[in-house]
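Chain letters run A, B, ... following the sequence lines, proteins first, then strands; residues in each count from 1. Fair warning: this is a prediction, and the values are worked out from it, not measured in the lab.
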Number of protein chains: 2
Amino acid sequence: MTERKLTLRERQRAGTRRLIQAHAVRLFTDRGYDAVTVAEVAEAAGVSAMTVYRHFPTKEDLVLIDQPARLIVEKVAASPATQPVVRRVGGALVDAATVLTGEAADERAVGERFLLDCLRLMVSTPALRARHLDSQYALQQAIVDALGGDGAATQDAAFRVQAATSACLAALHTALTRWAEDDGRTELPDLIARALAAAFGDVVAA
Amino acid sequence: MTERKLTLRERQRAGTRRLIQAHAVRLFTDRGYDAVTVAEVAEAAGVSAMTVYRHFPTKEDLVLIDQPARLIVEKVAASPATQPVVRRVGGALVDAATVLTGEAADERAVGERFLLDCLRLMVSTPALRARHLDSQYALQQAIVDALGGDGAATQDAAFRVQAATSACLAALHTALTRWAEDDGRTELPDLIARALAAAFGDVVAA
DNA sequence: CATCCATGTGTTAGTTACTAACATCGAGGT
DNA sequence: ACCTCGATGTTAGTAACTAACACATGGATG
């Protein structure tokens with residue numbers, strides 16, 4: 001699975017990174033994001049505050065998970081260009097979620113729990129929610145590029161693609177929020193599919 | 001139009017508020033949001049930094065325009081409950097935009113220019129874009145409430161309403177972004193209607 | 001018109017997120 | 001064994017806020 005060619009330093013670095021993030025999410029969940037300072041996170045992880053900033057550019061990045069943008073973009077690019085945009089993007093989102101949540105069940109237990117903790121923080125903390133929504137906006141730009149709506153097409157066509165893509169990602173966000181509220185009890189791909197169906201009707205029936 | 005029963009102090013307060021905001025948006029547009037400190041905004045407006053914070057809780061609020069949430073919510077609540085959600089919300093968004101951009105043409109020239117400056121900043125500055133997206137998320141909650149999907153209905157129905165509403169607001173955001181890029185040359189209601197049509201097809205034909 | 005109070009404002013001191021610059025220590029190749 | 005480079009710590013600094021207190025002025029009351 002994971003690359004075994006990592007040098008000792010790289011493993012140590014990755015280790016402290018995960019250590020810092022784990023302590024951060026735990027403290028934030030316990031006492032609230034705003035009530036915990038970066039210095040406290042650093043102390044809990046046994047490092048200096050500067051080290052925290054070397055691994056995470058901002059306090060918010062301690063919680064924000066880098067969306068699997070690459071996977072989604074690949075799936076969008078691989079979708080047939082003959083289908084409507086909402087179907088292509090929606091299908092890619094469901095597929096990507098299936099791949100991600102379907103990984104090895106043993107790692108899933110711990111990994112998914114951590115992910116749910118992060119998601120809950122993102123939904124409940126205004127600053128994190130805002131940053132998360134903005135990262136989805138960045139994902140939208142990447143998806144639009146992958147859809148092949150390159151500068152060639154009309155500006156009006158590009159606008160329509162933007163609108164459809166943003167609507168799909170909004171449905172995804174609704175599904176993610178619900179997933180966090182449900183504590184992960186419902187299967188994420190199902191939630192995404194249902195959110196898409198609620199917004200677009202049967203256009204996205206895979 | 002505006003209430004003439006304002007006391008002197010209220011008019012003074014509103015005056016300094018607009019003064020501060022005008023100087024802020026001008027400075028931000030000229031030199032960039034991050035390169036201008038709140039202290040500089042205060043100095044340009046001829047007040048102390050503390051006064052700026054008394055009028056605007058955060059630096060970001062100097063640019064963020066309070067969305068006409070009330071108008072939109074009213075229009076949503078007034079829409080026929082028999083129609084699908086995307087139609088009800090989409091129609092309300094177009095209607096509200098028509099009302100707002102259709103105001104007295106003389107005030108519109110200056111007001112719309114200021115609004116476009118703010119929008120451009122919101123689109124191009126990450127911190128502002130994030131806050132704006134989050135304020136749209138707040139608007140989403142208000143719209144869902146107004147849709148009458150009160151706790152009575154199924155939790156699943158509430159989820160579907162959330163998904164559809166969020167998708168509509170995503171289309172709105174795409175339209176607003178395009179409007180700012182177009183420098184307001186295209187009529188905003190038309191842009192919104194086209195964005196909705198691109199996402200949902202003919203479901204929203206008003 | 002004199003008085004009192006509420007409100008907007010200024011000043012100061014503090015907290016916290018974040019940055020820059022320099023010193024140190026240890027991993028990893030020579 | 002030596003040298004380099006990368007990870008970390010330390011210090012000092014900037015800027016967005018917040019709290020607390022003092023001051024002045026609008027606006028109502030006698």
Side-chain angles (χ1 to χ4, degrees), chain A residues 3-25 27-28 31-64 121-122 125-132 134, chain B residues 3-25 27-28 31-64 121-122 125-132 134:
Chain A
E3 297 287 349
R4 291 300 175 198
K5 284 308 188 74
L6 291 175
T7 176
L8 173 58
R9 273 218 289 248
E10 286 171 319
R11 266 181 288 130
Q12 280 181 340
R13 179 171 174 80
T16 55
R17 186 192 152 89
R18 264 179 300 133
L19 187 72
I20 292 170
Q21 196 170 32
H23 281 283
V25 171
L27 288 174
F28 292 160
R31 293 163 40 195
Y33 177 80
D34 294 317
V36 178
T37 70
V38 174
E40 288 171 329
V41 172
E43 194 183 2
V47 298
S48 78
M50 196 60 217
T51 299
V52 175
Y53 286 115
R54 289 223 174 80
H55 285 270
F56 302 91
T58 77
K59 183 184 178 186
E60 296 158 1
D61 288 293
L62 284 165
V63 180
L64 294 170
L121 283 168
M122 282 191 244
T125 309
L128 296 174
R129 190 175 52 218
R131 277 283 314 260
H132 179 240
D134 195 51
Chain B
E3 298 288 347
R4 291 301 176 197
K5 284 309 188 74
L6 291 176
T7 177
L8 173 58
R9 271 220 287 248
E10 286 171 320
R11 265 180 288 130
Q12 281 180 340
R13 180 172 173 78
T16 56
R17 187 192 150 88
R18 264 179 301 131
L19 188 72
I20 292 170
Q21 197 170 29
H23 280 282
V25 172
L27 288 174
F28 292 158
R31 292 162 41 195
Y33 176 80
D34 295 315
V36 178
T37 71
V38 174
E40 288 172 329
V41 172
E43 194 183 3
V47 298
S48 79
M50 196 60 215
T51 299
V52 174
Y53 285 116
R54 289 225 173 79
H55 285 271
F56 302 90
T58 77
K59 183 184 178 185
E60 296 158 359
D61 287 293
L62 284 164
V63 180
L64 294 170
L121 283 169
M122 281 190 246
T125 310
L128 296 174
R129 190 174 52 218
R131 278 282 314 259
H132 180 239
D134 194 50

Query raised in the report: Any side-chain N or O of His55(A) under 4.0 Å from OP1/OP2 of dT8(D)?
Result: yes
Requested in this report: Give Arg13(B) one of three labels, base, sugar-phosphate or nothing, depending on what nucleic acid heavy atoms sit under 4.0 Å from its own.
Outcome: sugar-phosphate
**Report entry** Rounded distance in Å - CD (Glu10(B)) to P (dG8(C))
**Finding:** 9 Å
Query raised in the report: So, do Arg13(A) and His55(A) sit near enough that their side-chain heavy atoms are less than 4.5 Å apart?
Result: yes
Report task. Measure from CZ on Arg54(B) to P on dT11(C) and round the result to the nearest Å. Result -> 11 Å
Requested in this report: Select from Arg9(B) and Tyr33(B) the residue whose nearest nucleotide in DNA chain D is closer to the 5' end of that strand.
Outcome: Tyr33(B)
Query raised in the report: Between dT18(D) atom P and Phe56(B) atom CZ, what is the distance in whole Å?
Result: 15 Å
Report task. Whole angstrom is fine here: how far is it from CE in Met50(A) over to C1' in dT16(C)? Result -> 15 Å
Query - Given DNA chain D, 5'-ward residue of the pair Gln12(A) and Asp34(B), judged by closest heavy atom - result: Gln12(A)
Query raised in the report: Would one find a side-chain N or O of Thr58(A) under 4.0 angstrom from OP1 or OP2 of dA17(C)?
Result: no
Report summary line: CG of Asp61(B) to OH of Tyr53(B), rounded to nearest 0.5 Å, is 11.0 Å
Requested in this report: Determine the contact category for Val36(A): base if any of its heavy atoms lies under 4.0 Å from a base atom, sugar-phosphate if only primed atoms, P, OP1 or OP2 are that close, otherwise nothing.
Outcome: sugar-phosphate
Report task. Side chain of Thr7(B) only, please: which of dG27(D), dG9(D), dC21(D) is the nearest? Result -> dG27(D)
**Report entry** Glu43(A), CD: over 12 other non-hydrogen atoms inside 6.0 angstrom
**Finding:** no
**Report entry** side chain to side chain contact (heavy atoms under 4.5 Å, CB included) between Phe28(A) and Val41(A), worked out
**Finding:** CA-CA 9 Å; Phe28(A) 292 160; Val41(A) 172; 4.1 Å; yes
Report task. Calculate the interatomic distance between Lys59(B) atom NZ and dC17(D) atom P; express it in whole Å. Result -> 8 Å
**Report entry** d(CD, Glu60(A); C1', dT16(C)) in whole Å
**Finding:** 14 Å
Query - Derivation of the side chain to side chain contact (heavy atoms under 4.5 Å, CB included) call for Thr51(A) and Thr16(A) - result: CA-CA 9 Å; Thr51(A) 299; Thr16(A) 55; 5.6 Å; no
Report task. Kindly say if Thr16(A) contacts the phosphate of dT8(D), meaning a side-chain N or O under 4.0 Å from OP1 or OP2. Result -> yes
**Report entry** Nearest-Å distance for atom pair CG/P, residues Leu8(B) and dA28(D)
**Finding:** 11 Å
**Report entry** Whole-Å distance separating the OH atom of Tyr53(A) from the C1' atom of dT14(D)
**Finding:** 13 Å
Query raised in the report: Is a donor-acceptor contact shorter than 3.5 angstrom present between the side chain of Arg17(B) and the base of dG8(C)?
Result: no
